[in-house]
Amino acid sequence: MTRQELSKAFEPAEAEKRIYDYWLKSNFFHALDESAKKPFSIVIPPPNVTGMLHMGHALNNTLQDIIIRYKRMQGYNALWMPGMDHAGIATQNVVEQELAKEGLTRHDLGREKFIARVWQWKEKYGGVIINQLKRLGCSCDWQRERFTMDEGLSQAVREVFVKLYDDGLIYQGDYIVNWCPRCHTAISDLEVEFLQEASCLWHIGYPYADGKGEIIVATTRPETMLGDTAVAVHPDDKRYKDKIGKFVILPLVNKKIPIIADEYVTMDFGSGAVKITPGSDPNDFAMAQRHNLEILNIMDGRGVINEKGGTYKGQERYEARKNIIVDLEKGKYLIKTEPYSHNVGKCYRCKTDIEPMVSKQWFVKIQPLAKQATKAVIEEKTKLVPKSWEATYFEWMNNIRDWCISRQLWWGHRIPVWYCDGCSEVIVAKTDPDKCPKCGDKSLKQDEDVLDTWFSSALWPFSTLGWPKKTKALQTFYPTSLLITGFDILFFWVARMIMMGLYVMKDVPFKDVYLHALVRDEKGEKMSKSSGNIIDPLVMIEKYGTDAFRFTLAAYTTQGRDVRMSPERIEGYKFFVNKIWNAAKLVMANLSDYDEESAAKAKDALPDKWIKSRLSLAIGAVNQNLEEYRFNEAAAAIYRFVWHEFCDWYLELIKPALYGKKTALRVAAQKTMHDVFKTVLQLLHPFMPFVSEELWQALT
RNA sequence: GGGCGGUUAACUCAGCGGGAGAGUGCUACCUUCACACGGUAGAAGUCGCUGGUUCAAUCCCAGCACCGCCUACCA
């Protein structure tokens with residue numbers, strides 16, 4: 001047995017690349033479609049194709065890698081399915097910005113050329129993150145890497161769309177949606193972020209049509225009055241009882257609108273009377289449907305007042321607001337203005353104020369799907385970890401609203417619906433039709449919209465395994481064993497995968513879901529470019545080595561609490577890597593004359609017995625904690641054992657025997673030291689794959 | 001408005017019915033043949049507040065306070 005001499009300290013930069021290449025070459029990460037081993041599978045939360053590795057990714061993928069390596073070592077046929085998401089709005093925005101530098105818009109190029117340009121961009125810059133994941137040591141089955149816009153996955157999208165449509169679970173209609181005037185598309189309820197803003201509450205007097213007095217309404221959005229079609233009061237409100245059914249004159253517009261009664265109105269807020277703008281407010285829209293009110297759209301897609309706004313036509317919405325306030329004052333309609341702070345909806349992508357607007361969109365009728373998905377979690381077919389998330393999940397599922405799936409973008413899965421020019425037939429098909437099945441007309445027009453990015457990611461657990469084809473991989477690995485993701489996409493993604501998995505595959509997509517927390521800075525602040533507190537994982541890897549970085553993440557991952565990250569903490573665990581390295585040096589320096597034959601006959605002395613019993617406790621703790629996804633506890637168990645038991649006590653205790661003559665004691669110590677240290681390396685491997693591999697190779 | 005989580009040593013956090021812990025930091029000593037990215041020893045906390053349950057509570061229950069997050073149609 002020859003053993004190489006170890007360098008003074010571990011050199012992560014050099015070793016990591018060499019070792020990762022070695023793993024790739026030995027096909028260590030590849031799982032077989034068919035195997036005698038028991039399957040274990042995880043699908044990666046696909047990072048955006050535009051993504052750059054940030055702390056959230058680092059945490060998410062480190063945890064997945066720990067589990068998948070752990071399972072692989074336990075003898076499972078362990079698959080970690082990698083891939084990326086096409087990220088509709090995000091990617092389109094990036095390429096549009098690139099075009100803007102050339103003074104172009106996507107409209108200058110036209111749809112086809114623009115999409116070609118996005119693909120070009122993807123080939124060139126997309127997927128940087130994949131290489132960054134490799135730096136993290138991720139042991140994904142890279143041969144299987146998928147992209148949500150792959151041919152196979154696009155086919156899956158169509159299959160599911162058509163199935164939903166045929167089952168009556170997809171419909172098209174004019175509804176009020178969240179419109180982003182900058183992205184120029186509808187977005188789903190989930191994609192709206194509410195921010196509290198200081199604004200005003202304007203009290204406006206609407207004169208009664210009979211000329212006797214006025215009714216006062218309060219609003220935070222005076223410009224929408226151009227689209228008012230009623231004023232509402234509570235049916236029990238004594239102040240207005242005799243006014244219900246009468247009319248008021250809408251100021252500036254000079255239109256007669258009715259006063260109606262609806263229980264939605266809160267009597268003790270403002271004046272107890274509300275202006276109703278069905279075209280610009282979801283609640284008012286609902287009320288309009290209850291009362292058959294006229295619905296007016298007063299703005300275009302850019303948020304500019306249209307011809308329905310009379311003299312305000314052509315004015316941007318906030319410019320119109322200013323002018324309307326001035327005009328109301330002039331006409332003595334403005335009763336008072338009070339400061340008021342309220343929530344304003346923002347586009348989660350570009351932070352532009354959302355404009356609720358009525359437009360024709362596609363929706364998924366979600367209740368039947370949600371019902372199944374709720375049941376699956378109640379019955380624990382899918383378990384959420386930590387369990388406390390179940391309450392949140394049920395709360396959302398029980399109050400879920402139909403999912404708006406159409407987006408007015410160009411980058412994404414185009415909706416598989418065609419309209420016939422000849423007979424106005426609507427064709428919904430898995431493959432592009434060349435003529436109308438009804439009248440034979442060949443002039444078909446495909447729907448202009450694309451699908452919400454989350455539609456394709458909802459299919460991810462089975463589409464990546466080959467569905468709709470009946471593949472062996474699908475048979476072996478579905479349902480997947482575990483999903484590890486951040487709680488922030490519980491609704492966006494996890495819930496929808498459960499719904500789609502049950503609907504399409506008749507089975508849950510994963511048995512366990514581990515929801516981890518957010519990574520914050522050392523003060524607990526969210527990391528963001530604007531606060532300048534971003535810690536770049538790649539810089540940390542460069543500085544402290546991947547192993548130390550990964551171990552830090554694991555050590556700070558407690559269930560139900562955010563991770564606070566700082567370079568000092570990573571440095572602390574870099575010391576741990578160094579400690580392990582030096583222990584290895586000591587171990588190996590004393591094994592030059594080690595021979596297994598005489599070692600086999602050696603009888604354990606007291607320290608040997610002691611450390612072995614401590615080791616078995618540590619192994620038990622690490623295993624149990626990993627099974628329960630207690631990453632911090634597993635890491636702590638290793639740390640304690642290696643440093644405070646193996647190094648502090650055992651290695652010190654056996655030094656006299658090691659440095660003595662070749663006695664029975666020395667042989668026993670050699671054997672124990674050797675065996676225990678090898679086991680330590682195995683325990684460490686999921687957390688610190690590089691240094692443990694390096695030492696393993698040196699030792700064996 | 002509803003829900004969830006947090007409040008433990010200077011800092012960051014574990015623990016969660018019977019002993020109050022870790023890392024960093026701090027103090028003193030030690031360059032002894034794995035490691036100063038180290039070793040040994042040590043100081044440091046009425047475990048948010050008020051009640052209750054219990055032989056026993058940091059841990060369970062109730063209420064309160066202050067932070068955070070999620071969710072919601074009070075214009």
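Per chain, numbering begins at 1; letters A, B, ... match sequence-line order.
Pair check for B/U40 finds B/A28; Watson-Crick or G-U wobble, both atom distances under 3.5 Å. With a cut-off of 3.5 Å on both Watson-Crick or G-U wobble distances, the partner of B/A75 is given as none. As the counterpart of B/U58, no nucleotide is assigned, since no Watson-Crick or G-U wobble pattern has both distances under 3.5 Å. Under the Watson-Crick or G-U wobble criterion, with both distances below 3.5 Å, B/U46 has no partner in any strand shown. Across all strands shown, B/A65 pairs with B/U7; the Watson-Crick or G-U wobble distances both stay below 3.5 Å. With a cut-off of 3.5 Å on both Watson-Crick or G-U wobble distances, the partner of B/C13 is given as B/G21.
A/K579 contributes a side-chain N or O that forms a donor-acceptor pair with the base of B/C35 under 3.5 Å. One cannot find a donor-acceptor pair under 3.5 Å joining the base of B/A34 and the side-chain atoms of A/K8. In this model, no side-chain donor or acceptor of A/E395 finds a partner on the base of B/A72 within 3.5 Å.
Listed candidates were B/A14, B/U12, B/G39. Nearest to the side chain of A/T558 is B/A14. Distances were taken from every side-chain heavy atom of A/H644 (C-beta onward) to each of B/C74, B/G23, B/A34; the shortest belongs to B/G23. The listed nucleotides are B/G39, B/A75, B/C35; the one nearest the side chain of A/W643 is B/G39.
Counted by atom type alone, A/D262 and A/H234 present zero donor-acceptor pairs between their side chains at under 3.5 Å.
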Worked check of side chain to side chain donor-acceptor pair (under 3.5 Å) between A/D327 and A/Y333: CA-CA 9 Å; A/D327 293 343; A/Y333 296 111; over 6 Å; no
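Across B/G15 and B/A22, the matching P atoms stand 15 Å from one another, rounded to whole Å. Separating the P atom of B/G48 from that of B/U12 is a span of 15 Å, rounded to the nearest Å.
Aromatic ring pairs are classed by plane angle as parallel below 30°, tilted from 30° to 60° and perpendicular above 60°; the pair A/F677 and A/F646 is parallel.
Between the side chain of A/N632 and the main chain of A/A555, no donor-acceptor pair closer than 3.5 Å is present.
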